Amino acid sequence: MTPMHTPTDLDVIGIGFGPSNIALAIALEELSGEHGALRSLFIDRQADYRWHGNTLVAQSELQISFLKDLVSLRNPTSPYSFVNYLHQHGRLVDFINLGTFYPCRMEFNDYLRWVAGHFTEQASYGEHVLRVEPQLAGGNVEGLKVISRDANGREVARSTRSVVVSVGGTPRIPAPFAHLKGDARVFHHAQYLERMATQPCVNGAPMRIAIIGGGQSAAEAFIDLNDSYPGVKVDMILRGSSLKPADDSPFVNEVFSPEFTDLVFRQPIADRERIINEYHNTNYSVVDLDLIERIYGIFYRQKVSGLQRHAFRCLRKVEKSEASDAGIAITLRNSASGEVETHVYDAVVLATGYERQMHRELLAPVAEYLDEFEVGRDYRVQADERFKAAVYMQGFCQASHGLSDTLLSVLPVRAEEIAESLYQYAGKRRNALPRAVRPLQALGGLLESVG
Ligand SMILES: Cc1cc2nc3c(=O)[nH]c(=O)nc-3n(C[C@H](O)[C@H](O)[C@H](O)COP(=O)(O)OP(=O)(O)OC[C@H]3O[C@@H](n4cnc5c(N)ncnc54)[C@H](O)[C@@H]3O)c2cc1C
Ligand SMILES: NC(=O)c1ccc[n+]([C@@H]2O[C@H](COP(=O)([O-])OP(=O)(O)OC[C@H]3O[C@@H](n4cnc5c(N)ncnc54)[C@H](OP(=O)(O)O)[C@@H]3O)[C@@H](O)[C@H]2O)c1
């Protein structure tokens, strides 16, 4: 298919318009007062933006202080703060009365939508970015072409000098479930609400549901199934020996400070890895303590009543899964005893976390110019001398910038660092564009025809 080329001449295209790129849009707007506006566009595949929308169960709370919103850490007087959102919506006093730093995720989702709503002119929704191609001139990559598919299935191409890839994680599907991709009874937690809405338990039918995994998503799915569907029996199936608490104690929490990013980045690779592993239990395969206590309470009350509804199957490795009309049969091996058992479920929730690989797919056509996706301190992907364009990444730099990278923790500071780097790059580009390229720019910036 030949992409339809839109006659744009953009300085930057943000791929994905979740928290990372919304924060960047704010930072660019702030800097535009001083330096003049960069021509920017943010593309998101969701037609109607929601923040991990299929996971917004009633009980789910933000796992970080609301003060770590899109902007306050850098500019507490910004109109885009969570406090101003509350004020504008007439809930500031009520929120204060709640006495919490942790709003429910539904409210934070509404806050993000409210901020994004201020940037509608720079946003295009319902467009799935497929790839980023090089625009070549004299053997150099002088610009980039971002190819997306719109809601009507048409391919669209846009020219830009730089891209910021902020597309988030991709659901991790364990190998024993990979062959059940098309089976509506087996789904990742990222699709939880949408898929649960089609299950028979919505109409009160009894169901047996397995949750695979022992992280925050698994715990939240368990509570939701327990609270919302009295006819549902849940088996929590995890490789570990127990649900473990997320370490959010104050000294440890300093690993999520902006200064810690510098510390991690300055280390040799092996030391960065050691630091990240040391603090793995602040974020991965862990659950908020209050949720663990609630789940323990539910299992304890089962013991008191003698009515066993749910089961807790720890130290279990999934060996295989098979689908039939009777359900999904899962074979588990007990890693302590070696025993093998098979259980049949009506549905399976894979709360098995996320992978961070999408940047490789999107940037594959320019990968030969990039230095193995290594990034500089300013999150710009290192490239060889032929690459005159710029690629930045947010959410794919944990290995170099630390555990904050996939979270909300340092968004405002990171956004400013990238925005400043973009301005610096745009300035250099304006001064340094090769002669051959300039006349084309005057014709609408299409450095190369599409096809
Ligand atoms: C259920 C859940 C709850 C979380 N809660 C917290 C929390 O409380 N605190 C915290 O600090 N972190 C939390 N996180 C971590 C989370 O990664 C960050 O909060 C935040 O969402 C990261 O923002 P982002 O913009 O980088 O990525 P995302 O929020 O994932 O946004 C990526 C955006 O890119 C779009 N997109 C993806 N692919 C394409 C494409 N090819 N073309 C166009 N658009 C595309 C998506 O539609 C999406 O809107 C949570 C994660 C999950 C999964
Ligand atoms: N309320 C909220 O704010 C909220 C809600 C949900 C999620 N989150 C955030 O989202 C991020 C991801 O959390 P998450 O719970 O989705 O993922 P996670 O923390 O990465 O946990 C994934 C779980 O799946 C298990 N797992 C992975 N691969 C497996 C396999 N092949 N077979 C069996 N089990 C497997 C892991 O087991 P092992 O431990 O054995 O590896 C782990 O228990 C975190 O940052 C979390 O804080 C936040």
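As the structure is a computational prediction, the values presented were derived from the model and not from experiment.
Heavy atoms only, all atoms of each residue included: Pro412 and Asp69 are closest at CG-O, 3.5 Å. For the pair Val132 and Val366, the tightest heavy-atom approach, listed with the atom from each and the gap, is O-CG1, 3.8 Å. Residue Phe66 comes nearest to Thr100 through the heavy atom pair CE2-O, 3.8 Å, listed as atom of the first residue, atom of the second, then distance. Pairing each heavy atom of Gly395 with each of Thr406, the nearest pair is O-CG2, 3.9 Å. Taking all atoms of both residues into account, the shortest heavy-atom contact from Phe373 to Ala367 is CZ-CB, 4.4 Å. Closest heavy-atom contact between Ser400 and Val264: O-CG1, 3.6 Å.
A distance of 10.0 Å separates CG of Asp110 from CG of Leu86, quoted to the nearest 0.5 Å. Separation of atoms CG (Asp262) and NE2 (His401) is listed at 8.5 Å; rounding is to 0.5 Å. Between Ser257 atom OG and Leu263 atom CG the span is 8.5 Å, to the nearest 0.5 Å. In this structure, CG on Leu67 lies 9.0 Å from CG on Leu73, to the nearest 0.5 angstrom. Note that CZ of Arg414 is 9.5 Å distant from CG of Leu408, once rounded to the nearest 0.5 Å. Here Ser217 contributes atom OG and His188 contributes atom NE2; the two are 7.0 Å apart, rounded to the nearest 0.5 Å.
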Pair Asp48-Tyr125, side-chain contact (heavy atoms from CB on, under 4.5 Å): steps then yes or no | CA-CA 7 Å; Asp48 181 26; Tyr125 291 100; over 6 Å; no

Are Phe222 and Leu291 close enough, and set up right, to give a side-chain contact (heavy atoms from CB on, under 4.5 Å), and what steps lead you there?
-> CA-CA 10 Å; Phe222 177 81; Leu291 213 53; over 6 Å; no

Asp235/Ile211 under side-chain contact (heavy atoms from CB on, under 4.5 Å): CA gap, chis, key distance, verdict = CA-CA 6 Å; Asp235 279 13; Ile211 299 175; over 6 Å; no

Between His343 and Ile330, is a side-chain contact (heavy atoms from CB on, under 4.5 Å) present by the stated rule, with each step listed?
-> CA-CA 5 Å; His343 303 276; Ile330 302 184; 5.6 Å; no

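Checked against Phe82 for a side-chain contact (heavy atoms from CB on, under 4.5 Å), the options Pro103, Ser65, Ser72 give a single hit: Pro103. Residue Pro19 is tested with Leu407, Val115, Leu112 for a side-chain contact (heavy atoms from CB on, under 4.5 Å); the sole match is Leu112.
Residues Asn140 and Arg386 have side chains in contact (heavy-atom distance under 4.5 Å, counting atoms from C-beta outward). Here the side chains of Ser409 and Ile64 are in contact, with some heavy-atom distance below 4.5 Å. Counting heavy atoms from C-beta outward, Asn277 and Arg274 have side chains that stay 4.5 Å or more apart. Taking 4.5 Å as the limit, some side-chain heavy atom of Ser162 sits within range of a side-chain heavy atom of Leu422. Between His310 and Leu225 the shortest side-chain heavy-atom distance does not fall below 4.5 Å. At a threshold of 4.5 Å between non-hydrogen side-chain atoms, the residues Ser81 and Tyr111 do not count as touching. Considering only heavy atoms from C-beta on, Pro174 comes within 4.5 Å of Leu350 through its side chain. Using a 4.5 Å cut-off on side-chain heavy atoms (C-beta onward), Glu341 and Arg316 make contact.
Between Phe396 and His359, the two ring planes are tilted [angle within 30° to 60°]. Tyr354 and His52 have tilted rings, their planes meeting at an angle from 30° to 60° on a 0 to 90° scale. Aromatic ring pairs are classed by plane angle as parallel below 30°, tilted from 30° to 60° and perpendicular above 60°; the pair Phe119 and Phe17 is perpendicular. Between Tyr85 and His89, the ring planes lie tilted relative to each other; the angle falls in the 30° to 60° range.
Side chain of Arg333 to backbone of Gly338: a donor-acceptor contact under 3.5 angstrom is found. Using modelled atom types, one side-chain atom of Asp183 and one backbone atom of Arg185 make a donor-acceptor pair closer than 3.5 Å. Checking side-chain atoms of Glu142 against main-chain N and O of Lys388 turns up no donor-acceptor pair under 3.5 Å. Side chain of Asn109 to backbone of Trp51: a donor-acceptor contact under 3.5 angstrom is found. The closest donor-acceptor contact from the side chain of Ser40 to the backbone of Val12 lies at 3.5 Å or more, if one exists at all. In terms of modelled atom types and a separation under 3.5 Å, the side chain of Ser60 and the main chain of Leu56 share no donor-acceptor contact. Remark: the backbone N or O of Glu339 is not paired with any side-chain donor or acceptor of Asn334 at under 3.5 angstrom. Counting only distance, with no hydrogens or angles, the side chain of Asp405 and the backbone of Cys397 share a donor-acceptor pair below 3.5 Å. Arg272 places no side-chain N or O within donor-acceptor distance of the main-chain N or O of Gly402, the cut-off being under 3.5 Å. Between the side chain of Tyr423 and the main chain of Gly36, a donor-acceptor pair closer than 3.5 Å is present.
A donor atom on one side chain and an acceptor atom on the other are found under 3.5 Å apart for Arg105 and Thr55. A donor-acceptor contact closer than 3.5 angstrom is absent between the side chains of Tyr49 and Asp44. Defined by atom type and a distance below 3.5 Å, a donor-acceptor pair is present between the side-chain atoms of Tyr80 and Glu29. Between the side chains of Gln394 and Ser166, at least one donor N or O lies within less than 3.5 Å of an accepting N or O.
Within a 6.0 Å sphere centred on NE2 of His87, heavy atoms belonging to other residues, nucleotides or ligands number 12 at most. Atom CZ of Phe299 sits in a crowded spot, with more than 12 heavy atoms from other residues, nucleotides or ligands closer than 6.0 Å. Within 6.0 Å of atom CD in Glu361, 12 or fewer heavy atoms from other residues, nucleotides or ligands are found, so the atom counts as exposed in its surroundings.
Using a 4.0 Å cut-off between charged nitrogen and carboxylate oxygen, Asp378 and Arg380 do not count as a salt-bridge pair. For the pair Glu355 and Arg360, the salt-bridge criterion is not met [side-chain N within less than 4.0 Å of a carboxylate O]. In this structure, Asp227 pairs ionically with Arg294, as a charged nitrogen and a carboxylate oxygen lie closer than 4.0 Å.
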